[in-house]
Amino acid sequence: MAASQPSLIPSDEIDRVFAHTTNLASSALNSRIVARSNDYFAAAENLLTPTAPIHRPGVFVHTGAWYDGWETRRHNPNPYDWVVIKLGVASGTIQGVEVDTAYFVGNYGEKAELQATFAPALTDEEIGDPNYPDWKTILPAQPCGPSQRRAWKLNDYDPANPTPYTHVRLLMYPDGGFARLRLYGQAIPPALPPQGGPDGNKGLLPLVEEELSSALLGGLALGASDQHYTPCSNLLLPGRGKDMGDGWETARSRAPNHVDWAIIKLGLPGSISKVVVDTKDFRGNFPRAVRVHGLLASTKAENPGHDHPGWVEIVKGDKPCTADTEHVFEGADLVAGHEDTHVFSHVKLTLVPDGGVKRFRIFGRRVVG
């Protein structure tokens, strides 16, 4: 069955419409290129760069002008060029697709199409074979334009029964360049073997600690008081990053008693046994202290505000921070009882009064059943 026509999102509305999603087509989430038809002028890997495209006019390399994107040679004898991407998550749902042609003007790809498949067991060679038969078109060919962001909401997406994908194939008609591909969706946590509570069917998983907040397991950044320099979604990325640019940093505050906050929806609701606040690379601009609160899953707040009455303290009081440090809060640092009896669905990180944090990690045991 052919995919239904998607809804075009105005360029100035893209970030708002997909604010509560994760860009699954990002090298920061370990997504990678598996195969491509051609990338003579500029590498296909640039499609997955998590930061915005840049322009370097007048800079030339061996093949020609330097471009921050994927660019193929001219005069393609085939209908389209293509690139296959393996998502960095175990699998993910896709709600929207963006193709950014920034700085490609006389050489942009005229149309984009996206296909997807669920094939966790296949090798890179098998999925990258041009004759692989099981691609499903989720975005029919759509016109692109010179140096602009174009995004579409997929009307086939069913939030009650989302389709999981492990790989995508981007088609560019007939050839040319795209700067970035962004896939707006959410990771699907991998299943664990049944080993629940006393009855073996439901409850908290014993002795299995996971990073409940990780974007790789479906964690989502729902919003923040301020994202002046960098977005709060960076807090949930794997690893410790490379520099200050891949954390969350707010503007300097001047008002008395000011604080900044970010709200995270856990990918795996569960108990909490450890909290990590990492200020790596933030040296002259780390917060003076942090606070950590959680929202019990029983409140069923899908998108709680920072002043929701259900927030409860997870980490005891304000915890002082230092530069370039992984601050680990567990045991006596945590409010008693949460690890054993409370199941949380959301967490809130508060910066006192402002500053930057690289990663915010919540560890605990997921709920099953």
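This chain uses plain numbering: 1 for the first residue, then up along the sequence.
- Checked for salt-bridge contact, K358 and D281 meet the test: a charged N lies under 4.0 Å from a carboxylate O.
- Within a 6.0 Å sphere centred on CZ of R240, heavy atoms belonging to other residues, nucleotides or ligands number more than 12.
- At least one side-chain heavy atom of V347 sits under 4.5 Å from a side-chain heavy atom of F360.
- By the side-chain contact (heavy atoms from CB on, under 4.5 Å) test, D156 is found to be paired with A3, S4, residues two or more places apart in sequence or in another chain being considered.
- Taking hydrophobic clusters as Ile, Leu, Val, Met, Phe, Trp and Tyr residues chained together by side-chain heavy-atom distances below 4.5 Å, L351 shares a cluster with L236.
- A donor-acceptor pair under 3.5 Å is absent between the side-chain atoms of H293 and the main chain of G310, judged by distance alone.
- Legend: residues meeting side-chain contact (heavy atoms from CB on, under 4.5 Å) with P79, ordered by chain and number and at least two apart, are absent.
- The number of heavy atoms from other shown groups lying within 6.0 Å of CG (N257) does not exceed 12.
- Hydrophobic cluster of Y184: the remaining members, joined at side-chain heavy-atom separations below 4.5 Å, are I9, I14, V17, F18, listed by chain and number.
- Here the straight-line distance linking atom CG of L170 with atom CD of E113 works out to 9.5 Å at 0.5 Å rounding.
- Remark: the backbone N or O of T117 is not paired with any side-chain donor or acceptor of D134 at under 3.5 angstrom.
- A heavy-atom distance below 4.5 Å is found between the side chains of L222 and P304.
- A salt bridge does not link R56 with D68: none of the charged nitrogens is closer than 4.0 Å to a carboxylate oxygen.
- Hydrophobic cluster membership for Y108: Y67, F104 (Ile, Leu, Val, Met, Phe, Trp, Tyr linked by side-chain heavy atoms under 4.5 Å, directly or transitively).
- Among all heavy-atom pairs drawn from N38 and Y40, the shortest one is OD1-N, 3.0 Å.
- In this structure, N107 contributes its side chain and V105 its backbone to a donor-acceptor pair below 3.5 Å.
- A donor-acceptor pair under 3.5 Å is formed between the side chain of T166 and the backbone N or O of A119.
- You'll find the side chain of F329 stays beyond 4.5 Å of the side chain of I314, heavy atoms only.
- For the atom pair L216 CG and E211 CD, the distance stands at 8.0 Å (nearest 0.5 Å).
- Residue pairs satisfying the side-chain hydrogen bond (donor to acceptor under 3.5 Å, both in side chains) criterion with at least one member in residues 20-33, sequence neighbours excluded, are listed as follows: R32-D124.
- A chain of hydrophobic side-chain contacts below 4.5 Å, direct or via other Ile, Leu, Val, Met, Phe, Trp or Tyr residues, connects V275 to L266.
- For the pair W311 and H346, the minimum side-chain heavy-atom distance is below 4.5 Å.
- Between the NZ atom in K280 and the CD atom in E326 there is a gap of 10.0 Å [rounded to 0.5 Å].
- For S214 (side chain) and L212 (main-chain N/O), no donor-acceptor pair under 3.5 Å exists by modelled atom type.
- A donor-acceptor distance shorter than 3.5 angstrom exists from the side chain of D175 to the backbone of N76, with no hydrogens or angles considered.
- When hydrophobic side chains of Ile, Leu, Val, Met, Phe, Trp and Tyr are connected at separations under 4.5 Å, I127 ends up clustered with V34, Y80, W82, V84, L122, Y132, W135, L171, Y173.
- Residues in residues 5-17 take part in these side-chain hydrogen bond (donor to acceptor under 3.5 Å, both in side chains) pairs, two or more places apart or across chains: Q5-Q142, S7-N155, E13-R16, D15-R149.
- W66 shares a hydrophobic cluster with I54, V59, V61; the chain of contacts runs through ILVMFWY side chains whose heavy atoms sit under 4.5 Å apart.
- A salt bridge (Lys or Arg N to Asp or Glu O under 4.0 Å) with D100 holds for exactly one of R182, R150, R180; it is R182.
- Note on D333 versus K316: no salt bridge recorded, every NZ/NE/NH1/NH2 to OD/OE distance being 4.0 Å or above.
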Inset, instruction - With side-chain contact (heavy atoms from CB on, under 4.5 Å) as the test, would you mind laying out the steps for V208 and R365 before giving the verdict? - result: CA-CA 6 Å; V208 178; R365 297 178 297 158; 5.6 Å; no
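- Transitive grouping of hydrophobic side chains (ILVMFWY, heavy atoms separated by less than 4.5 Å) brings I264 and L296 into a common cluster.
- For F363, the ring-ring contact (aromatic ring centres under 6.0 Å, His included) criterion is met by no residue, not counting sequence neighbours.
- Side chain of T137 to backbone of P140: no donor-acceptor contact under 3.5 angstrom is found.
- The two residues A224 and W248 have their closest heavy-atom pair at CB-CZ2, 4.0 Å.
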Inset, instruction - Go through the steps for H342 and V312 under the test side-chain contact (heavy atoms from CB on, under 4.5 Å), then give the verdict. - result: CA-CA 11 Å; H342 293 162; V312 297; 5.9 Å; no
Inset, instruction - Given side-chain contact (heavy atoms from CB on, under 4.5 Å), test Y165 with I138 step by step and report yes or no. - result: CA-CA 11 Å; Y165 300 111; I138 62 173; 3.4 Å; yes
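- Legend: side-chain hydrogen bond (donor to acceptor under 3.5 Å, both in side chains) pairs involving residues 260-270, not counting sequence neighbours, sorted by first then second residue: S225-D260, T250-D260, H258-D260, K265-E302.
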Legend entry - Intermediate values then yes/no, side-chain contact (heavy atoms from CB on, under 4.5 Å), L154 and I94: CA-CA 8 Å; L154 303 185; I94 300 175; 3.9 Å; yes
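- The 12-atom threshold is not exceeded at NZ of K153, counting heavy atoms of other residues, nucleotides or ligands nearer than 6.0 Å.
- With sequence neighbours left out, the side-chain contact (heavy atoms from CB on, under 4.5 Å) criterion links Q186 to T93, L220.
- Note on R73 versus D81: salt bridge recorded, some NZ/NE/NH1/NH2 to OD/OE distance being below 4.0 Å.
- Between R283 and D324 a salt bridge is recorded (basic side-chain N to carboxylate O distance below 4.0 Å).
- A donor-acceptor contact shorter than 3.5 Å links the side chain of T279 to the backbone of T322.
- Of the candidates V352, V357, V290, V290 is the only one forming a side-chain contact (heavy atoms from CB on, under 4.5 Å) with C321.
- Interatomic distance, CG of L217 versus CD1 of I188, reported as 12.0 Å (0.5 Å rounding).
- Not a single donor-acceptor pair under 3.5 Å links the side chain of D246 to the backbone N or O of G241.
- In this structure, E209 and K274 have side chains that are in contact, with non-hydrogen atoms separated by less than 4.5 Å.
- Atom SG of residue C232 and atom CG of residue N234 lie 8.5 Å apart, to the nearest 0.5 angstrom.
- Between L29 atom CG and L87 atom CG the span is 9.5 Å, to the nearest 0.5 Å.
- Of the possible donor and acceptor atoms, none in the side chain of S345 sits under 3.5 Å from a partner among the backbone N and O of P269.
- Taking 4.5 Å as the limit, some side-chain heavy atom of L47 sits within range of a side-chain heavy atom of V83.
- Minimum interatomic distance between G356 and P287 (heavy atoms only, all atoms of both residues): O-CD, 3.2 Å.
- Every residue two or more places apart in sequence or in another chain was checked for a ring-ring contact (aromatic ring centres under 6.0 Å, His included) with F282, and none qualifies.
- A continuous path of Ile, Leu, Val, Met, Phe, Trp and Tyr side chains, each step under 4.5 Å between heavy atoms, connects V89 with V97, placing both in one hydrophobic cluster.
- Transitive grouping of hydrophobic side chains (ILVMFWY, heavy atoms separated by less than 4.5 Å) keeps V277 and F286 in distinct clusters.
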